[in-house]
Amino acid sequence: MDKVFKALADPGRRRLLDLLHQENGQTLTALCEHMDMTRQAVTQHLQQLEEANLVAIVWQGREKLHYLNPVPLHEIYERWIEKFERSRLGALRDLKKRLEGDEDDKT
């Protein structure tokens with residue numbers, strides 16, 4: 001689980017996961033088009049995501065396709081997030097908004 005948290009700590013890697021969430025099964029070239037970094041940097045980030053088991057690789061002929069693997073994220077959710085009841089979190093969010101005067105903000 002430490003590798004997952006380390007992988008998620010970087011905004012570039014989170015961006016890659018977002019891109020794969022939008023369209024799963026992308027090539028390195030396709031992913032690079034949306035990233036503001038070198039191809040080598042994207043490759044290194046994908047390798048770290050693969051080591052954390054957040055990205056799975058499937059070869060189709062000569063193409064290497066990258067797929068999002070949501071299982072480690074679900075495991076984090078079950079261990080660290082789910083135990084907090086949604087109603088309690090909603091009440092805390094509403095209280096925070098009232099205290100900060102942001103009642104119209106829907107975030």
- prompt: With distance as the sole test, does Asn69 use its side chain to make a donor-acceptor pair with the main-chain N or O of Asn53 at under 3.5 Å?
  reply: yes

Pair up each side-chain donor or acceptor in residues 30-37 with any protein partner under 3.5 Å, not counting sequence neighbours, and list the distances.
none

task: Following the transitive rule for hydrophobic clusters with a side-chain heavy-atom cut-off under 4.5 Å over Ile, Leu, Val, Met, Phe, Trp and Tyr, establish whether Met1 and Leu54 coincide in one cluster.
output: yes

query: Below 4.5 Å, heavy atoms only, C-beta onward: do Ile76 and Leu8 meet side chain to side chain?
result: yes

- request: Tell me, please, which residues at least two apart from Asp18 pass side-chain contact (heavy atoms from CB on, under 4.5 Å).
  value: none

Donor-acceptor pairs under 3.5 Å, side chain of residues 44-52 to any protein atom, not counting sequence neighbours: which ones?
from  : atom 1 : to    : atom 2 : distance (Å)
His45 : ND1    : Arg13 : NH1    : 3.1
Gln48 : OE1    : Arg13 : NH1    : 2.4

message: Counting C-beta onward and ignoring hydrogens, is there a side-chain heavy-atom pair between His66 and Leu20 closer than 4.5 Å?
response: yes

Note, Glu23 side chain near Leu19 side chain (heavy atom, < 4.5 Å): no

- prompt: In the hydrophobic clustering that connects Ile, Leu, Val, Met, Phe, Trp and Tyr at side-chain heavy-atom distances below 4.5 Å, which members other than Tyr67 occupy its cluster, ordered by chain and number?
  reply: Val58, Leu65

- prompt: What about Phe5 and Leu73, same hydrophobic cluster or not, with Ile/Leu/Val/Met/Phe/Trp/Tyr joined at side-chain heavy-atom distances under 4.5 Å?
  reply: yes

- prompt: Same cluster for Leu17 and Trp80 if Ile/Leu/Val/Met/Phe/Trp/Tyr side chains link at under 4.5 Å?
  reply: yes

Listed partners of Arg39 passing side chain to side chain donor-acceptor pair (under 3.5 Å), at least two apart: Thr29

query: Ion pair present between Glu100 and Lys96, side-chain N to carboxylate O less than 4.0 angstrom?
result: yes

task: Starting at CD1 of Ile57, measure out to NZ of Lys64 and round the result to the nearest 0.5 Å.
output: 4.5 Å

message: Can you list everything that forms a side chain to side chain donor-acceptor pair (under 3.5 Å) with His74? Sequence neighbours excluded, please.
response: Glu78

